[in-house]
A.B. asks: 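Mind having a look at this structure? Questions to follow.
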Amino acid sequence: MIAQNNLSLFNTLTRKKEKFEPLNAPFVGLYVCGPTVYSDVHLGNCRTFISFDLIYRYLLHLGFKVRYVRNITDAGHLEGDRDEGDDKFAKKARLEQLEPMEIVQRYTLGFHDVMRAFNTLPPSIEPTATGHILEQIEMTKKIIENGYAYEANGSIYFDVEKYTKEHNYGELTNRKLEDLLENTRELGGQDEKKGRLDFALWIKAKPEHIMRWPSPWGWGFPGWHIECSAMSTKYLGDTFDIHGGGMDLQATHHTNEIAQSQACSHKAPVKYWLHTNMLTVNSVRMSKSAGNGFLPHELFTGNHPLLEKGYSPMAVRFFMMQTHYRSTLDFSNEALQAAEKGFAKLMTALKTLKQLKTSATSTSNITALVEAFYTAMNDDFNSPILIANLFEAVRIINSVNDGKESITIADLNSLQTTVNTFVFDVLGLHDESENNNGGKALDTVMQIVIEQRTEAKKRKDFATSDQIRDLLLAGGISIKDTKEGTIWQVD
RNA sequence: GGUCUCGUGGCCGAGCGGUUAGGCAGAGGUCUGCAAAACCUUGUACAGCGGUUCAAAUCCGCUCGAGACCUCCA
């Protein structure tokens, strides 16, 4: 395979770039924390899943056999910080007068629609928390058996103090236990927890709770963190290669996942932890609670106060790919419009690439360029550098097309293969204009119209030719006169 | 308060010790009946102040500014 063993990635656990060496090559286990489906996903959520889609796609391209697991959180996700309060699904269900599972279904379908619009590949397995209650109970039992959890009034809590005697609880965020303790709020008087860092594995259901399951400790529902540990263990094993998620999950959710898995199996669950950075709006993090989020369909239609116009899913995807996954990405209309134009330029060049003429010699070093594509992606999935190199390819394509540079048939073949692979298979982009040209009938009509206009031009009847062009433009079809003739597209 | 990021040309955004990032916008030109597209040329940026070094946007220190996590959130 191509440069498969040259991939390095930034491991949050060690805080440095490491060579990627799968536990059981060529197999790779990849787990990504998925969405909580009690409301629409916003663009910030999408960024994480699109980033991991890039990572998944590149691993596949390198020839790895990847099992990609991304969960759906549809149970037990509490509001508030003390494992008290309402279940998010039940609360939303009350608001909307629906069954909790109706909420789950609605937003799961919505999530899938959005993911499809962004052209992300579906995961190999998409397990739900409600479908794995048994596994979570079993894991909780094992943790209790091993002495790392205790029961209090029908709820089970993880004993962080006990855990820290043998393990470094704050290792993922490089935090000392004293600091963590110092900065955690005091326990409330009615709190059942022994230690203030303790978190729930199982929560006793209050009478009004609709989503509930029987357990050895009575009726209840699982804590938020245990689902990922249980499902990742079930499908990827006690220790697997890559665990990913948004940076906001690092300190609490992932820290607790490590603790649970260690307490259960006595093994470190994950070799490489990958975290994607946040999407910001005016340099403030986009989040549900800040209320500054865009829904994807608002972005596509432009129907939002902060949006000047709509942006297509692929333009947005391209926009995201122009930033490294570990950098914050700041949203603005200006930046999106720049990305939109750059993306259009790339797509145009890819069409030109199909019909390039070859020569006896090449004026550019295509082999070096192709190598640069791999170097970029092998360096912790550096898509911005890859795109910069793709624009070098665009320059070459256009120059050859203009007769200012030349390319051999061998180089052309190599360029066509790799550029198409990286743009479509790795970056996961596709040409939106292609399925948008109105089919064969419109094509026939357009050939006739263009023919008429060309005739008018030959007669130097520019009034007519310009009128045809203007009328088409008003109807959403733009035409361009190139050396090879007139081309058209639906805008 | 603790832990940690970041501050790059008009905008977005790479680079992280010496070599062109790239995109968008702007300027000039080629082409064109005009448009559009395409191509060529063009900007000499790294918050501030010190320090280390033959050499710093890149390492160290301080100052200023922005943000994240520590509390549900990708």
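Below, each value reflects all heavy atoms present in this structure, side chains not excepted, and no hydrogens, waters or symmetry copies.
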A.B. asks: What do you reckon, do A:Phe462 and the base of B:G33 stack, with centroid distance below 5.5 Å and planes below 30°?
C.D. replies: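 Base of B:G33: stacked against A:Phe462.
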
A.B. asks: How about A:Tyr235 and A:His132: are their ring centroids closer than 6.0 Å?
C.D. replies: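 So the answer is yes for these two rings.
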
A.B. asks: As a test of reading the structure: which of B:G23, B:C39, B:U3 is closest to the side chain of A:Ala338, going by heavy atoms?
C.D. replies: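 Selected nucleotide (nearest to the side chain): B:G23.
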
A.B. asks: For A:Lys404 and B:A38, is the shortest distance between a side-chain N/O and OP1 or OP2 below 4.0 Å?
C.D. replies: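 So the side-chain polar atoms of A:Lys404 never come under 4.0 Å of the phosphate oxygens OP1 or OP2 of B:A38.
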
A.B. asks: Considering only the P atoms, how many Å lie between B:A14 and B:A55, rounded to the nearest integer?
C.D. replies: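 Rounded to whole Å, the distance is 30 Å.
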
A.B. asks: If we take the C1' atom in both B:U53 and B:U20, what is their distance in whole Å?
C.D. replies: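 My reading of the C1' atoms in B:U53 and B:U20 gives 25 Å.
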
A.B. asks: Please work out if A:Lys341 contacts a base, only the sugar-phosphate, or nothing of the nucleic acid, heavy-atom cut-off 4.0 Å.
C.D. replies: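 Contact class for A:Lys341: sugar-phosphate only.
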
A.B. asks: Please compare A:Ala335 and A:Asp248 by the position of their nearest nucleotide in RNA chain B and report the one closer to 5'.
C.D. replies: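 This one resolves to A:Ala335.
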
A.B. asks: Can you tell me, in whole Å, how much space there is between the P of B:U8 and that of B:A66?
C.D. replies: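 Looking at atom P only, B:U8 and B:A66 are 14 Å apart.
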
A.B. asks: Kindly indicate whether the side chain of A:Arg469 and the base of B:A35 share any N or O donor-acceptor pair separated by less than 3.5 Å?
C.D. replies: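 Answer yes: a donor N or O sits under 3.5 Å from an acceptor.
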
A.B. asks: How many whole angstroms separate atom CG of A:Leu279 from atom P of B:G13?
C.D. replies: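 So the two atoms are 10 Å apart, to the nearest Å.
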
A.B. asks: Quote, to the nearest angstrom, the C1' distance that separates B:C11 from B:G7.
C.D. replies: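 So the two C1' atoms sit 16 Å from each other.
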
A.B. asks: Roughly how far apart, to the nearest Å, are B:A45 and B:C64 at atom P?
C.D. replies: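 Between the two P atoms, the distance is 27 Å.
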
A.B. asks: Go ahead and name the base partner of B:C39; Watson-Crick or wobble counts if both distances stay under 3.5 Å, otherwise write none.
C.D. replies: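 B:G29 - that is the nucleotide pairing with B:C39, both distances being under 3.5 Å.
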
